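The next block holds one structure in the form of structure tokens; read it before the comments.
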Amino acid sequence: MGLIVGVVGATGAVGSKMVEILEERNLPISSLRLFASEKSKGSTVLFKGKEIKVELLTEEAMRDSFDYLLFSAGGGVSEKFAPIASEAGNIVIDNSSQWRMTEGIPLVVPEVNSHVLKGYRGIIANPNCSTIQMVVALGPLHKSFGMKRIVVSTYQAVSGSGFKAIQELENQVKDKNYPNEVYTRKIHGNCIPHIDVFYDNGFTKEELKMVYETQKIFENKDIEVNATTVRIPVYYGHSESITVEFEKTPEIHEVKEILEKADGVILMDNPKENCYPTPLEVENTDSTYVGRIRKDLFNPKCLSLWVVADNLRKGAATNAVQIIEAMENIKL
Ligand code: 2RA
């Protein structure tokens, strides 16, 4: 008997990518059910050559039996429906921020902390896209050198805001007078240091996600994180400029050896040959790409690096499917 899998929010930017990736990966799925709101119910999605009709998301449906339910439908939907599904005995992997910081709910990037899945059933939280790619790159270095402080600036694609934002950038490229609805100002030809809401401390919710999710994933509240998250006019792929201070002094050759062998990492670091990762090159892949590795000019314990990944794939849908794979591997 294969796996019975459901996707909630199946017609959204991430949800539809989850269906795509479930098809690409060789999980033994015997049944796939897709759920969405009233607006999308009844539409069909092709999966392994079969048309699957999108069902209306209901409490009753969440009490049906699933091996895994992938959620990407926003925090409000997860808050209401994920506990119903979990109480019915289903494993929920939720891409919203709703449960990420809840005590006892694992926040998982399989390459970094899959150990927290052992013996667990219930709701599992998928981290924020900007957090995922950062911890995939820094996890192996943390093991060797011990991270003290991370300063990160992100350059985030509009697909992180969904289909409407992609459409808005496309329209602004065609027509410079096209209005801005998704962002506080035009995104075409611009960059906006504002992702999600601002807090009184001057940071945005997106920036604080990178702080607290990173500390939770590494189970270490002493790791300092200072983030600035910026929206740029790129369709797919988030880029990050990261400077890390370690406990031990990292040598470049050691860092490169570690990253060459690291799960989920591809090293693209030869500036003299113009070799460094960019969003266009990593789009539609599942790895995390690292380049521009260099020692800080003033502090030998500091390292700077440039990290790029597809935000809809490794940053969301692929990571969620990899959590299913990790859970299945634990069963073996
Ligand atoms: C963004 N990380 O890029 C947020 C949510 N996907 O908009």
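Being a predicted model, the structure only gives us computed values, none of them experimental. Along the sequence shown, the residues carry numbers beginning at 1.
In this structure, the side chain to side chain contact (heavy atoms under 4.5 Å, CB included) partners of S30, at least two apart in sequence or on a different chain, are M1, I4. Here D286 pairs with R25, R313 under the salt bridge (Lys or Arg N to Asp or Glu O under 4.0 Å) rule; sequence neighbours left out. Annotation: side chain to side chain contact (heavy atoms under 4.5 Å, CB included) contacts of E103 (sequence neighbours excluded): none. Looking at residues two or more places apart in sequence or on another chain, you find a side chain to side chain contact (heavy atoms under 4.5 Å, CB included) between N270 and K272, E273, C275. The side chain to side chain contact (heavy atoms under 4.5 Å, CB included) test applied to I52 returns L32, L34, F47, not counting sequence neighbours. Checked against ring-ring contact (aromatic ring centres under 6.0 Å, His included), Y212 has no partners two or more places apart in sequence or in another chain. In this structure, S153 has no side chain to side chain donor-acceptor pair (under 3.5 Å) partners at least two apart in sequence or on a different chain. Applying the ring-ring contact (aromatic ring centres under 6.0 Å, His included) criterion to H142, with sequence neighbours excluded, gives F218.
When only modelled atom types and interatomic distance are considered, H115 and E219 share a side-chain donor-acceptor pair under 3.5 Å. The closest side-chain donor-acceptor pair between E281 and Y276, if any, does not fall under 3.5 angstrom.
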Below 3.5 Å, can you tabulate the donor-acceptor pairs from side chains in residues 73-91 to any protein atom, sequence neighbours excluded?
unit_1: S78; atom_1: OG; unit_2: G74; atom_2: O; d: 3.3
unit_1: S78; atom_1: OG; unit_2: D94; atom_2: OD1; d: 2.6
unit_1: S78; atom_1: OG; unit_2: D94; atom_2: OD2; d: 3.3
unit_1: S78; atom_1: OG; unit_2: S96; atom_2: OG; d: 3.4
unit_1: N90; atom_1: OD1; unit_2: F66; atom_2: N; d: 2.7
unit_1: N90; atom_1: ND2; unit_2: M62; atom_2: O; d: 3.1
unit_1: N90; atom_1: ND2; unit_2: D64; atom_2: O; d: 2.8
unit_1: N90; atom_1: ND2; unit_2: A85; atom_2: O; d: 3.4

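Sorted by first and then second residue, the ring-ring contact (aromatic ring centres under 6.0 Å, His included) pairs involving residues 239-263 (not counting sequence neighbours) are F145-F246.
A salt bridge does not link K301 to E247: none of the charged side-chain nitrogens sits closer than 4.0 Å to a carboxylate oxygen. Salt bridge status for E213 with R100: present, with a side-chain N to carboxylate O gap under 4.0 Å. The existence of a salt bridge linking E20 and K17 is confirmed by a sub-4.0 Å separation between a basic side-chain nitrogen and an acidic carboxylate oxygen. Remark: E245 engages K148 in a salt bridge, criterion side-chain N to carboxylate O under 4.0 Å.
Cluster partners of L297, by chain and number: F298. The rule joins Ile, Leu, Val, Met, Phe, Trp and Tyr whenever side-chain heavy atoms lie under 4.5 Å apart. Grouped with Y289 in one hydrophobic cluster are Y155, V230, I232, V234, I266, M268, V282, W306, V308, the linkage being side-chain heavy-atom contacts under 4.5 Å among Ile, Leu, Val, Met, Phe, Trp and Tyr residues.
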side-chain hydrogen bond (donor to acceptor under 3.5 Å, both in side chains) assessment of N311 paired with Q156: CA-CA 8 Å; N311 57 298; Q156 299 183 217; over 6 Å; no
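A donor-acceptor pair is defined here as one N or O able to donate and one able to accept, closer than 3.5 Å; no such pair exists between the side chain of H188 and the backbone of V173. A donor-acceptor distance shorter than 3.5 angstrom exists from the side chain of N180 to the backbone of Y183, with no hydrogens or angles considered.
You'll find the side chain of L208 reaches within 4.5 Å of the side chain of N201, heavy atoms only.
Between atom CD of residue E260 and atom CG of residue D269 there is a gap of 9.5 Å, rounded to the nearest 0.5 Å.
Under the side chain to side chain contact (heavy atoms under 4.5 Å, CB included) rule, R149 has a single partner from T243, I223, V225, N226, which is N226.
Summarising the local packing, CD of E51 is surrounded by more than 12 heavy atoms from other residues, nucleotides or ligands at distances under 6.0 Å.
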